[in-house]
Amino acid sequence: MSTRIAFLKGHGTENDFVIVPDPENVIDLSPAAVAALCDRRAGIGGDGLLHVVRSAAHPEAQDMAGEAEWFMDYRNGDGSVAEMCGNGVRVFARYLQRAGYVTEGDLAVATRGGVKTVHIAKDGDVTVGMGKARLAEGEVTVSVGERSWPARNVNMGNPHAVAFVDDLAHAGDLYSPPPFSPASAYPDGVNVEFVVDRGPRHVALRVHERGAGETRSCGTGACAVAVAAARRDGADPAVTGAPATYTVDVPGGTLVITERPDGEIEMTGPAVIVAEGEIDAEWLETLAR
């Protein structure tokens, strides 16, 4: 391992990430090392980590190398592996642009949730093609204290439970995962969104992200919320034949989500790189053992 390990810090609507460029996949990022890097007191701090690897160099992405040069090896803040992170993809693309690997326009990014199409606009916003939502059948309930709500089971490459509530304060502190039932609905845990209406096709959310706790934003969660809201509002694009666009306020800013009649979902929002530096390699090697 090199004695100098570069890192950057970035965020998308304040969903923040440690970025570790590693094109040839030579850095050992154990779960303990990732958790330490994401620690806000003893590490750099972040909701998650973006490990930047060429698809051809990573065993999980080699079969996508023909479609996407770069693989977003995303990890949650606790070190666990995640399928996708919508805000993370935008920040990942911004890093590639900053590093000179890509320019404004279109690119493809490989993720565990499949290859995602990305557009970097001249105004700085980044649009990500998030794929299609899968809506599971069956009743799901989420609870906080003595309150409970029905929730929509929406999969965006990762699992979500979307509950519409009267007040976002009813979500509680969100330090711990909100209980849900039945347990069989989410065998590997779930991201839980609590949602209120702000106006026509305008909602706001708070979210508990699996493996990270409450975060300032969740891109896949915003998409899941827009899909659930469209179904609730009778605005399913597959039925109406017209795109459904929702403005989704998150604690860290605003995202715009559009679902097309073919089911494809696009998310647009900002992506910012705020700092860069070097990681103490000896410290990281100790954690990786």
Side-chain angles (χ1 to χ4, degrees), residues 11-16 35 38-41 45-48 75-80 82-88 133-199 201-233 246-255 257 267:
H11 76 90
T13 50
E14 297 183 12
N15 192 188
D16 63 334
C38 292
D39 190 293
R40 298 192 182 279
R41 293 179 176 83
D47 294 321
R75 319 290 183 87
N76 293 314
D78 65 355
S80 59
E83 302 92 340
M84 241 296 284
C85 176
N87 288 317
R134 300 196 307 273
L135 284 78
E137 298 295 330
E139 298 291 329
V140 176
T141 301
V142 298
S143 303
V144 175
E146 296 181 355
R147 292 188 175 95
S148 62
W149 303 268
R152 193 72 189 248
N153 185 339
V154 183
N155 193 293
M156 287 297 310
N158 57 359
H160 295 269
V162 180
F164 291 92
V165 300
D166 294 327
D167 189 329
L168 290 179
H170 292 168
D173 58 33
L174 291 182
Y175 294 147
S176 301
F180 63 86
S181 64
S184 59
Y186 304 107
D188 299 315
V190 65
N191 305 286
V192 182
E193 288 80 28
F194 297 89
V195 188
V196 296
D197 289 297
R198 292 286 191 239
R201 298 202 181 185
H202 185 181
V203 296
L205 68 81
R206 288 179 63 199
V207 57
H208 181 281
E209 284 199 63
R210 178 183 56 170
E214 182 172 15
T215 59
R216 300 284 293 169
S217 180
C218 177
T220 55
C223 293
V225 165
V227 168
R231 302 306 183 274
R232 179 200 63 173
D233 297 342
Y246 279 77
T247 298
V248 182
D249 294 337
V250 296
T254 298
L255 296 167
I257 313 298
M267 174 184 63

Inset, instruction - May I have the step-by-step check of salt bridge (Lys or Arg N to Asp or Glu O under 4.0 Å) for E83 and R210, ending in yes or no? - result: CA-CA 11 Å; E83 302 92 340; R210 178 183 56 170; 2.8 Å; yes
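Taking a cutoff of 4.0 Å between a charged side-chain nitrogen and a carboxylate oxygen, D197 and R232 qualify as a salt bridge. Here R40 pairs with D16 in a salt bridge; the nearest charged N to carboxylate O distance falls below 4.0 Å.
At least one donor-acceptor pair closer than 3.5 Å links the side chain of D173 to the backbone N or O of Y175. With hydrogens and angles disregarded, a donor-acceptor distance shorter than 3.5 Å links the side chain of T215 to the backbone of S217. Y186 places a side-chain N or O within donor-acceptor distance of the main-chain N or O of H160, the cut-off being under 3.5 Å. Side-chain atoms of R206 come within 3.5 Å of backbone N or O of L168 as a donor-acceptor pair. A donor-acceptor contact shorter than 3.5 Å is absent between the side chain of N87 and the backbone of N15.
Around atom CG of D167, more than 12 heavy atoms belonging to other residues, nucleotides or ligands sit under 6.0 Å away.
Ring-plane geometry between W149 and F194 is classed as perpendicular, the angle between the planes exceeding 60 degrees on a 0 to 90 degree scale with a lower cut at 30.
Between V192 and V142, the closest heavy-atom pair is CG1-CG1, 4.1 Å.
L205 pairs in a side chain to side chain contact (heavy atoms under 4.5 Å, CB included) with only one of the listed residues (V248, L255, D249), which is V248. For the side chain to side chain contact (heavy atoms under 4.5 Å, CB included) test with R231, the passing option among V154, L135, V162 is L135; the others fail.
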